[in-house]
Amino acid sequence: MSGDGRAESANALLGEIAGVGADRARGGYSRHVFTTAEGELREWFGGAARARGLEVQVDRNANVWAWFGRPGPDAVVTGSHLDSVPGGGAYDGPLGVVSALAAFDLLRAQGFTPRRPLAIVVFAEEEGGRFGVPCLGSRLLTGTLAAERALGLRDGNGDTLADVARAAGHQPAHFGRDEETLGRIGTFVELHVEQGRGLVHLDAPIAVGSGIIPHGRWRFSFTGQGNHAGTTLMEDRRDPMIPAAEMVGAVRRSAAAVPEARATVGRLVPTPGGTNVIASRVDVWLDARLPEPGDVRELVAEITEDARAAAELEGCRVEVREESYEGAASFDAALRDRLRALLGDAPVLPTGAGHDAAVLARFVPTAMLYVRNPSGISHAPEEFADPADIDQGSADLARVLRSLAG
Ligand code: HGY
Ligand code: MN
Ligand code: MN
C-alpha cells in the first residue's frame with residue numbers, strides 16, 4: 001500500500017479531531033451533517049486519506065469514500081460515520097473511521113498488497129441529528145429512503161436537506177439509489193465503540209456483532225390554543241403541554257411493562273416556547289426499540305392511545321407520524337463466524353444501537369466489531385474507550401481486512 005508512509009494510531013487520529021464540534025452549551029460534541037464542524041471533519045478525513053495515497057471520492061449522496069486500488073467491484077469496505085447526536089461522545093462513529101485509517105497503516109507497514117479493492121466509507125448523517133432520519137447517507141445510497149422524501153426533510157431552522165446540501169456543494173438532483181457505488185461493495189465491516197457494557201461483563205476488549213433489534217422514531221404533534229399565562233384561567237385552557245407531559249409518562253409505563261423494550265422521549269419542543277406563554281403546539285419525538293418477537297409498533301400503538309385520550313381530555317388534537325423504522329438486522333452468519341475465528345473466538349453481541357451496517361446488511365454481507373466501552377455510556381460525553389482496547393480494535397480490524405482482501 002502506497003502513500004507518504006504516514007502511520008498513526010487510532011488514538012493519535014482521534015486526538016487530531018478532539019476539538020472539532022465541541023458543544024460548550026451541552027457538553028460533548030454536536031457535529032451534524034453539512035454544518036461547519038462536520039465540514040471540518042470531512043476535510044480532515046480527506047486529508048488523512050490522501051496523505052495515505054488513497055483516492056478520495058464523494059458519492060451522489062454526500063458519503064465520502066477513500067479507495068485503495070481501483071474502486072470496486074467486490075471491494076472490502078470498512079468505515080462508519082463522523083456526525084454525532086447533539087452533545088454526543090467522542091467515539092460513536094469516529095472510532096470506526098480512525099480505526100480504519102490505522103488498520104490501513106498497519107497493513108501498509110506489513111507490506112500487504114490486497115487482491116480486492118479496499119475502501120473506507122464515511123456515511124452522512126448516521127445519527128439523524130439534523131434532519132431526523134437516521135442512516136440518511138446509507139439509506140439514500142441503497143434506495144431504502146426515497147430521495148424525494150429525504151430532500152424535503154427540514155432541520156430545526158426549517159431549512160430543507162436539498163437547500164443545505166446544495167449550499168454545501170452537493171447536487172440534490174443526484175441524490176438517490178446509487179447502483180454503481182453500491183455495486184462496488186463486496187463486503188462491509190463496521191467497527192464501533194460498544195454502546196453498553198456487554199464487553200465489560202465479559203472482560204473482553206473486542207466483540208463481533210450478531211444483529212440489531214428493530215427500532216423506529218415517531219413524531220407526536222399536540223396542538224391546542226396558545227394564550228397568555230397570566231390572563232387565562234385554568235378551566236379555559238387547551239394547553240398541548242398537558243397531553244405531551246402525559247405521553248412522556250405513558251412512554252415509561254408502557255415500555256417498563258414489556259421485557260427488553262426501550263422507549264425514549266429525548267426531544268420535546270413547545271411552540272412558541274415562552275415562559276409566560278401557553279404553548280399552541282408541542283412536538284414530542286418517540287424513539288422505540290424492541291427485540292423480536294416483541295412488536296415495536298404494538299408498543300407505539302399503546303402509547304398513541306394514551307396520547308390521543310390525553311389530548312381529547314384537554315381539548316387538544318394530536319397528529320402522529322412515523323419518521324423512520326428499521327426492522328431487525330442480522331449480520332451475515334458466515335462472515336460473523338469467520339471474524340470470530342480470526343479474532344480468537346471473540347464473543348458475539350447483539351445491540352440495541354442502530355448503525356449503517358444494519359442498512360447495508362440487507363444488500364451485502366456485513367459484519368460489525370465492537371470495542372469495549374468501560375462506562376457503557378453512549379450518546380453522552382461520558383462515552384469512552386481505553387487506548388489499549390482501541391489499539392486492539394485497529395489490529396483486529398487490520399487482521400479482518402487482510403483476511404477478506406488478501
Ligand atoms: O440511534 C442509534 O441507535 C444510533 O446511534 N444512530
Ligand atoms: Mn449513535
Ligand atoms: Mn454510531
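Counting starts at 1 for both ligands and their atoms, following the listed order. Owing to the predicted nature of the structure, the values given are computational and were not obtained by experimental measurement.
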Within residues 396-406 or reaching into it, pairs that qualify as side chain to side chain donor-acceptor pair (under 3.5 Å) - sequence neighbours excluded: Gln110-Arg402, Arg338-Ser403, Gln392-Asp396, Asp396-Arg399
Applying the ring pair (Phe, Tyr, Trp, His ring centres under 6.0 Å) criterion to His355, which one of His81, His192, His215 satisfies it? His192
Within a distance under 2.8 Å of the Mn ion (ligand 3), the protein atoms of type N, O or S are His81 NE2, Asp92 OD1, His192 NE2
Angle class for the His170/Phe175 ring planes (parallel below 30°, perpendicular above 60°, tilted otherwise)? perpendicular
Can you establish whether the number of heavy atoms outside Glu16 located under 6.0 Å from its atom CD is more than 12? yes
Could you tell me whether Arg317 sits above the aromatic face of Phe222, with NZ or CZ closer than 6.0 angstrom to the six-membered ring centre and within 45 degrees of the axis? no
Answer yes or no on whether Arg31 is positioned over the face of Tyr29, meaning its NZ or CZ is under 6.0 Å from the six-membered ring centre and within 45° of the axis. yes
Among residues at least two apart in sequence or on other chains, which ones pass salt bridge (Lys or Arg N to Asp or Glu O under 4.0 Å) with Arg166? Asp163
Thr144 and Arg362: CA distance, side-chain angles, deciding distance, side chain to side chain contact (heavy atoms under 4.5 Å, CB included) verdict: CA-CA 10 Å; Thr144 312; Arg362 304 193 195 295; 5.9 Å; no
Between Trp285 and Glu323, a side-chain donor and acceptor under 3.5 Å: yes
Could you list, one pair per line, each nitrogen or oxygen of ligand 1 together with any protein nitrogen or oxygen closer than 3.5 Å, giving atom names and the distance rounded to 0.1 Å?
from	atom 1	to	atom 2	distance (Å)
ligand 1	1 (O)	Arg289	NH2	2.8
ligand 1	3 (O)	Arg289	NH1	2.7
ligand 1	3 (O)	Arg289	NH2	3.3
ligand 1	3 (O)	Gly354	N	2.7
ligand 1	5 (O)	Glu127	OE1	3.1
ligand 1	5 (O)	His379	NE2	2.9
ligand 1	6 (N)	Glu126	OE1	3.3
ligand 1	6 (N)	Glu126	OE2	3.0
ligand 1	6 (N)	Glu127	OE1	3.0

